[in-house]
Amino acid sequence: MAPDHKLYEGKAKIIYKTPDPQVLLAYFKDDATAFNAQKKGAIVGKGAMNCQISSHLFRYLAHQAIASHFLAQVAADVMQVQAVEIIPLEVVVRNRAAGSLCKQTGLELGLVLPFPLVEFYLKDDALGDPLLTPDRLTLLNVASTAEIAQLRGLALKINSLLTHFFQDCGITLVDFKLEFGRNPQGEILLADEISPDTCRLWNQAESDPHRRVMDKDRFRQDLGDIEAAYKSVMERVLAQEL
């Protein structure tokens with residue numbers, strides 16, 4: 001992965017070109033950011049752990065008929081993926097109240113929601129990744145009405161599958177962020193990653209609101225033991241047979 005083959009560098013990954021224009025390499029970094037990159041740091045081994053967690057979960061979802069950009073894990077911290085045009089939306093699914101939902105609504109942290117809440121945020125750091133209403137989604141034309149309905153349906157199906165998967169790991173899936181892309185045929189594929197960077201995960205064996213956290217909130221909130229939490233998630237995920 002020579003520097004001149006770099007296609008794009010984001011907060012958590014570097015994307016490299018390969019001889020096949022339809023195949024890319026995603027290198028997972030140890031860099032950690034929070035609050036729209038206002039807080040920066042590093043989590044030792046995070047890249048390799050997130051790559052392995054994401055690869056396993058993409059394989060699991062593929063067995064459940066969820067198509068993604070994932071092709072293969074080619075190194076501990078490198079994933080081979082299909083080239084897709086990323087849809088500039090973050091699709092967030094919430095099962096319990098946490099994070100911005102609590103701040104914006106006053107709901108109690110951890111409250112079980114009566115139904116999974118699906119939200120769409122515009123992927124734009126300069127604007128602070130704003131939450132979009134249905135009319136704003138239509139106005140901005142980042143995806144068609146049919147695609148928005150498809151994204152919502154996929155997000156809910158993935159939520160159901162991942163909720164059961166993490167339940168078997170002794171972990172509560174509080175909420176998570178998904179990203180999607182279009183392949184050259186115009187098909188929508190799940191993209192990016194699924195990891196403690198993009199999910200809120202709580203240890204079901206812990207009732208303490210700090211000790212139960214197994215995700216990037218440990219970095220956001222300076223809770224410590226970040227690497228140990230990520231490692232625990234990885235070990236539990238990889239222990240689940242596909």
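Values below: every heavy atom of this structure, side chains too, minus hydrogens, waters and symmetry copies.
The 12-atom threshold is exceeded at CG of Asp20, counting heavy atoms of other residues, nucleotides or ligands nearer than 6.0 Å. Environment of CD in Glu241: sparse, with no more than 12 heavy atoms of neighbouring residues, nucleotides or ligands closer than 6.0 Å.
Between the Gln150 side chain and the Glu147 main chain, no donor and acceptor come within less than 3.5 Å of each other. With hydrogens and angles disregarded, no donor-acceptor distance shorter than 3.5 Å links the side chain of Glu206 to the backbone of Arg211. With hydrogens and angles disregarded, a donor-acceptor distance shorter than 3.5 Å links the side chain of Asp30 to the backbone of Gly45. In this structure, Asp225 contributes its side chain and Ala228 its backbone to no donor-acceptor pair below 3.5 Å. Listed for the Thr138 side chain is a donor-acceptor partner under 3.5 Å among the backbone atoms of Pro134. Asp217 places no side-chain N or O within donor-acceptor distance of the main-chain N or O of Arg220, the cut-off being under 3.5 Å. Distance alone, capped at 3.5 Å, is enough to place a donor-acceptor pair between the Thr198 side chain and the Ser195 backbone. Of the possible donor and acceptor atoms, none in the side chain of His5 sits under 3.5 Å from a partner among the backbone N and O of Lys17. Without hydrogens or angle criteria, Lys29 side chain to Gly10 main chain gives a donor-acceptor distance under 3.5 Å. Without hydrogens or angle criteria, Lys216 side chain to Ala34 main chain gives no donor-acceptor distance under 3.5 Å.
Between Cys199 atom SG and Leu162 atom CG the span is 7.0 Å, to the nearest 0.5 Å. Note that the CE atom of Met79 and the CD atom of Gln52 stand 10.0 Å from one another [nearest 0.5 Å]. Interatomic distance, CD of Glu179 versus CD1 of Ile194, reported as 11.0 Å (0.5 Å rounding). To the nearest 0.5 Å, the span separating CD1 on Ile226 from CG on Asp215 amounts to 10.5 Å. Rounded to the nearest 0.5 angstrom, Gln73 CD and Cys51 SG are separated by 4.5 Å. A distance of 13.0 Å separates NZ in Lys231 from CZ in Arg236, rounded to the nearest 0.5 Å.
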Between Asp31 and Lys46, is the salt bridge (charged side-chain N to carboxylate O under 4.0 Å, His left out) condition met? List the steps.
CA-CA 8 Å; Asp31 295 0; Lys46 177 177 81 75; over 6 Å; no
Begin with the C-alpha distance, continue with both residues' side-chain angles, and end with the deciding distance and a verdict on salt bridge (charged side-chain N to carboxylate O under 4.0 Å, His left out) for Glu119 and Arg94.
CA-CA 8 Å; Glu119 300 175 330; Arg94 302 180 186 274; 2.8 Å; yes
Under the side-chain hydrogen bond (donor to acceptor under 3.5 Å, both in side chains) criterion, do Tyr230 and Asp197 qualify, and how do the steps go?
CA-CA 9 Å; Tyr230 276 61; Asp197 269 16; 2.6 Å; yes
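Grouped by direct or indirect side-chain proximity (heavy atoms under 4.5 Å, Ile/Leu/Val/Met/Phe/Trp/Tyr only), Val92 sits with Tyr121, Leu131. Counting Ile, Leu, Val, Met, Phe, Trp and Tyr side chains that sit under 4.5 Å apart, directly or through other members, Leu111 shares a hydrophobic cluster with Leu101, Leu107, Leu113, Phe115, Leu117. Cluster partners of Leu189, using a side-chain heavy-atom cutoff of under 4.5 Å among ILVMFWY residues and allowing indirect links, are Val84, Ile86.
The shortest heavy-atom contact between Ala229 and Arg218 is CB-CD, 3.5 Å. Closest of all the heavy-atom pairs between Glu193 and Ala12 is OE2-CB, 4.0 Å. In terms of heavy-atom proximity, Met214 sits nearest to Ser232 at CE-OG, 3.4 Å. Listed here is the closest heavy atom pair of Leu89 and Ala143: CD1-CB, 4.5 Å.
Taking the side chain as every heavy atom from C-beta outward, Met49 and Val237 never approach each other to under 4.5 Å. Counting heavy atoms from C-beta on, the side chains of Pro130 and Leu127 come closer than 4.5 Å.
Every ring pair (Phe, Tyr, Trp, His ring centres under 6.0 Å) that Phe165 has, sequence neighbours left out, goes to Tyr60. The side chain to side chain contact (heavy atoms under 4.5 Å, CB included) search around Thr163 returns Asn95, Asn159, Leu173, not counting sequence neighbours.
When each of Val74, Ile14, Val81 is tested with Leu25 by the rule side chain to side chain contact (heavy atoms under 4.5 Å, CB included), just one qualifies, namely Val74. Among Leu151, Ile158, Leu154, the one residue that satisfies the side chain to side chain contact (heavy atoms under 4.5 Å, CB included) test with Leu190 is Ile158.
Cluster annotation: Leu140 and Ile188 are assigned to the same hydrophobic cluster (Ile/Leu/Val/Met/Phe/Trp/Tyr, side-chain heavy-atom contacts under 4.5 Å, transitive).
Side chains of Arg59 and Ser55: a donor-acceptor N/O pair is absent below 3.5 angstrom, by distance only.
Salt-bridge check for Arg200 with Asp175: passed, with a basic side-chain N closer than 4.0 Å to an acidic carboxylate O.
A cation-pi arrangement is absent between Lys13 and Tyr27 under the rule of less than 6.0 angstrom and at most 45 degrees off the ring axis.
Among residues at least two apart or in separate chains, there is no ring-ring contact (aromatic ring centres under 6.0 Å, His included) pair with a member in residues 169-217.
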